[in-house]
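Below is one structure; the comments refer to it alone.
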Amino acid sequence: MAGRGPGSAFGKPAALDRRLYRRYDRPLRHRRTQGHFRRQRFNEYRSQSMNPYNDFKVIVKAELEKMSQAGALPPGLDLSRVAVEPPRDAAHGDLATNAALVLAKAAGIKPRGLAEALAARLRGHDDIREVTVAGPGFINLRLNDSYWHGCLAAILRAGASYGESDLGRGRAVNVEYVSANPTGPLTVGHARGAVVGDAMAGILEKAGFAVTREFYINDAGVQVDTLARSAYLRYREALGETIAEIPSGYYPGDYLKHVGKALAARDGDKWLEQGEADWLPEVRRFAIDALMAVVREDLAALGIEQEVFTSERALVEAGGVEAVLETLEARNLVYTGTLPAPKGKAAEDWEPRPQTLFRATDFGDDVDRALKKSDGTWTYFASDMANHLDKSRRGAKLLIDVWGADHGGYVKRMKAAVKALTEGQTRLEVMICQLVKLTRQGVPVKMSKRSGVFVTLREVIDEVGKDIVRFIMLTRKNDAPLDFDLVKVMEQSRDNPVFYVQYAHARVRSVMRHAQTAFPDIDQAPSSLAGGPLDLLTDSSELAIIRLLAQWPRMVESAAETFEPHRIAFYLYDVAAAFHGLWTKGKDHTQLRFLIDGDPKLTAARLALICATAQVVASGLSVIGVQPVEEMR
RNA sequence: GUCCCCGUAGCUCAGUCGGAUAGAGCGACAGAUUCCUAAUCUGUAGGCCGCAGGUUCGAAUCCUGCCGGGGACACCA
């Protein structure tokens, strides 16, 4: 109906996709680990990184290697499944490793026994305060407070770059999103895909990928012909004709009146007496240009700027589909055949018809797919294959498409196509976005592109602001339906995550402002705060926040690896909750307040903590394209 | 009929490439405000993780089959 956009929500990659991704990534990751290892050895006195999970994974693996060398473990064990993670329950410790559990079988040692042996070795480490073996063979590590203080300092010194990783190692990724028919302004339906795609791009950038943001303009189908005819109607109207009613099958929206007027202003009545075949191509081109300008403005209002806009029509005219055909024919993947009738659907008008087909079934699809329509022109699928081949040839070995849920049935064939066209060298990941249910105080707001009374994206942005739109769109997994209530998202309460997170940031800024007057001698530059007496931070709530902040890099990586941008929003909510908790704790226990009269040292340490908190919140918001606020009023 | 997604507390949803006693918000109940923004916070109650098998030392997570909800099923985009 309208490009790929109108759906809205994210999709969790299927199991098969996860496996594909891992295969693609494994050798690289392995190398990365080794690199880490070398660096660690090379620089033994380096204070520490900002990622305890990576640091201690290296340490755990090093101890395992030593155990192998000492004969306590068989040589050549596969350590790839060894993980160091936050324990499910913070009461268990700061870090937990599953090493004993995953190695027990291959080593022929009982998990508990292996765990005890490894634990004994880890007990010698400087930063580790306590090592316990629990459950079936988990090893829980508790770190010295000084380690976390060092972590906090490192976070502050890293500044805006904190959370960046080299997961992507500069590899090119193409993220294609929105990709609507240029037949009208963007609607709320498009907004989710737009936000999800743009946030995904931001996350991948943070994770070290070279990201291209792309928009594929579906300007070659019958819908843009309809657009042209609708615009032509408005053109006649602009020249004085009375159009009583827009016939069904035409786009009725008022926005086309501007197009009609603009065309009349430019060309006068030169198209009035001509036949459709003569005026249509030019009117179409004119209308598409006009509407793409509107679409770009709508995207800009959302804070989205895609650097590549690919026109389907231009791609086809440049011979893109021929390139596809050539590639496929070289591999004998094209033939003429007749597809079976679709089942379960009343297909009275169906008739067997020989078609030009792509052997999609060779690549996991359910049925071979048509490349040509009955009128001899290319199918949308054929030109979309050209689009994907083109993207791949431009260098991206990972392609991400963000589609609406109504295109879910299209995923298999496009993946098959990419596999065939690139001989498995390029991977396609499709993020499916479910519908957004737009309501106002619980009452559904209708949106229908053709009715002319739809709710445009612009209207929603004007009403609630782009930052709220962006954040709310990421508060659900993309493949789950999302409720968007125009009133609720403006509420200032804990159950409104946007507010809650923004408020945490604003509260920090508020304290910092107070500190400026109460403690003018404290230099608030993060690098200065990092040098403060951080060892004064000893309360469990304070250390809990540092641990949470230390998870930011792995949050970025996990969101990138799983293609799940919503994780960022949930993480930020957790950080905000920890901060608000500490704040209120200071109500009951005044010694825990951030600003302590007569104690500039403790105050400086507390400022370092909340400054880092605000920094991570701001960093997270920036990754998903939301502007942090200085105050809420 | 086939394929894809989903099914977790009364409601809305998290659950880190299989791990420990499955978490949060809302709602309910009980509390906290001379003090940096109470726009917040603390606590209590509430679960055969749709059902049944299977793989595994170990399953909400992986596999199979059902049940229930949504979406897609030649030539549209």
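Keep in mind that the numbers below use all heavy atoms, side chains included, and drop hydrogens, waters and symmetry copies. We name chains A, B, ... by the order of the sequence lines, and we start the count at 1 in each one.
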Base, sugar-phosphate, or nothing: which does [X] touch, judged by heavy atoms less than 4.0 Å apart?
| X | value |
| --- | --- |
| A:Ser558 | nothing |
| A:Asp495 | sugar-phosphate |
| A:Arg593 | base |
| A:Lys585 | nothing |

Just how far, in rounded Å, is [atom2] of [N] from [atom1] of [X]?
| X | N | atom1 | atom2 | answer |
| --- | --- | --- | --- | --- |
| A:Arg81 | B:C57 | CZ | P | 12 Å |
| A:Trp378 | B:A77 | CH2 | P | 14 Å |
| A:Arg88 | B:A24 | CZ | C1' | 14 Å |
| A:Ile432 | B:C3 | CD1 | C1' | 13 Å |
| A:Tyr380 | B:A74 | OH | C1' | 18 Å |
| A:Arg476 | B:C26 | CZ | C1' | 11 Å |
| A:Asp375 | B:C75 | CG | P | 12 Å |
| A:Asp539 | B:C41 | CG | C1' | 15 Å |

Work out how far the [atom1] atom of [N] is from that of [M], and round it to whole angstrom.
| N | M | atom1 | answer |
| --- | --- | --- | --- |
| B:C35 | B:C26 | C1' | 30 Å |
| B:A45 | B:C63 | P | 36 Å |
| B:C13 | B:C6 | P | 14 Å |
| B:U16 | B:U61 | C1' | 12 Å |
| B:C66 | B:U2 | P | 9 Å |
| B:C5 | B:U37 | C1' | 43 Å |
| B:A60 | B:A20 | P | 9 Å |
| B:G25 | B:G43 | C1' | 16 Å |

Just to verify, what does A:Thr584 make a side chain to side chain donor-acceptor pair (under 3.5 Å) with, not counting sequence neighbours? none

Please give the stem ranges for RNA chain B, sorted by first residue number, where a stem is three or more consecutive Watson-Crick or G-U pairs and both donor-acceptor distances are under 3.5 Å. B:1-7 with B:67-73, B:10-13 with B:23-26, B:28-32 with B:40-44, B:50-54 with B:62-66

Which residues within residues 547-555 of chain A lie with some heavy atom under 4.0 Å of an atom in RNA chain B?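 Contacting residues: A:Arg554.
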
Contact list for RNA chain B against residues 352-363 of chain A - heavy-atom distance below 4.0 Å: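 The answer is A:Arg353, A:Gln355.
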
Side-chain atoms of residues 602-612 of chain A: list all donor-acceptor pairs with protein atoms under 3.5 Å, sequence neighbours left out, distances to 0.1 Å.
unit_1, atom_1, unit_2, atom_2, d
A:Thr603, OG1, A:Ile596, N, 3.0
A:Thr603, OG1, A:Ile596, O, 3.3
A:Thr603, OG1, A:Asp599, O, 2.9
A:Arg606, NE, A:Glu542, OE2, 2.4
A:Arg606, NH1, A:Gln591, O, 3.0
A:Arg606, NH1, A:Arg593, O, 2.6
A:Arg606, NH2, A:Glu542, OE2, 3.4
A:Arg606, NH2, A:Gln591, O, 3.3

I'd like to know if A:Asn140 reaches the base of B:A20 with its side chain such that a donor and an acceptor end up less than 3.5 angstrom apart. yes

Only one of A:Tyr500, A:Phe579, A:Tyr503 passes ring pair (Phe, Tyr, Trp, His ring centres under 6.0 Å) with A:Tyr573; say which it is.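 The option that passes is A:Tyr500.
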
Could you check whether any side-chain N or O of [X] sits under 3.5 Å from a backbone N or O of [Y], counting only pairs where one atom can act as donor and the other as acceptor?
| X | Y | value |
| --- | --- | --- |
| A:Thr379 | A:Ala370 | yes |
| A:Asp401 | A:Val430 | no |
| A:Thr439 | A:Pro444 | no |
| A:His190 | A:Thr187 | yes |
| A:Asp78 | A:Ser80 | yes |
| A:Asp485 | A:Gln441 | yes |

So, is [X] close to the [N] phosphate, meaning a side-chain N or O under 4.0 Å from OP1 or OP2?
| X | N | value |
| --- | --- | --- |
| A:Trp583 | B:A38 | yes |
| A:Lys477 | B:C5 | no |
| A:Lys372 | B:C75 | no |
| A:His514 | B:C35 | no |
| A:Arg567 | B:C13 | no |

Taking for each residue the nucleotide of RNA chain B with the nearest heavy atom, is it A:Arg513 or A:Leu101 whose nucleotide lies nearer the 5' end? A:Leu101

If you assign each of A:Gly586 and A:Pro340 to its closest nucleotide in RNA chain B, which residue comes earlier from the 5' end?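 Comparing both residues, the 5'-ward one is A:Gly586.
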
By side chain to side chain contact (heavy atoms under 4.5 Å, CB included) - contacts of A:Arg413 (at least two apart): A:Asp365, A:Arg369, A:Phe381, A:Tyr410

Restricting to side chain to side chain contact (heavy atoms under 4.5 Å, CB included), what partner residues turn up for A:Pro340, sequence neighbours left out?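 In terms of side chain to side chain contact (heavy atoms under 4.5 Å, CB included), with neighbours along the sequence ignored, A:Pro340 is linked to no residue.
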
Could you pull out all donor-acceptor pairs under 3.5 Å where a side-chain atom in residues 98-114 of chain A meets a protein atom, sequence neighbours excluded?
unit_1, atom_1, unit_2, atom_2, d
A:Asn98, OD1, A:Ala83, N, 2.8
A:Asn98, ND2, A:Arg81, O, 3.4
A:Arg112, NH1, A:Gly135, O, 2.8

Atom NZ of A:Lys488: over 12 foreign heavy atoms under 6.0 Å: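 12 or below, so no.
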
So, do A:His407 and B:A77 meet the stacking rule of ring centres under 5.5 Å and planes under 30°? yes

Interface polar pairs with nucleotides 27-34 of chain B, N/O, under 3.5 angstrom:
unit_1, atom_1, unit_2, atom_2, d
B:A32, O2', A:Asp588, OD1, 3.4

Using the salt bridge (Lys or Arg N to Asp or Glu O under 4.0 Å) criterion, which residues pair with [X]? Sequence neighbours excluded.
| X | result |
| --- | --- |
| A:Arg229 | A:Glu276 |
| A:Lys412 | A:Asp366 |
| A:Asp483 | A:Lys437 |

A:Trp583 and side-chain contact (heavy atoms from CB on, under 4.5 Å): which single residue from A:Val508, A:Leu592, A:Val511 fits?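 Of all the options given, the one that passes is A:Val511.
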
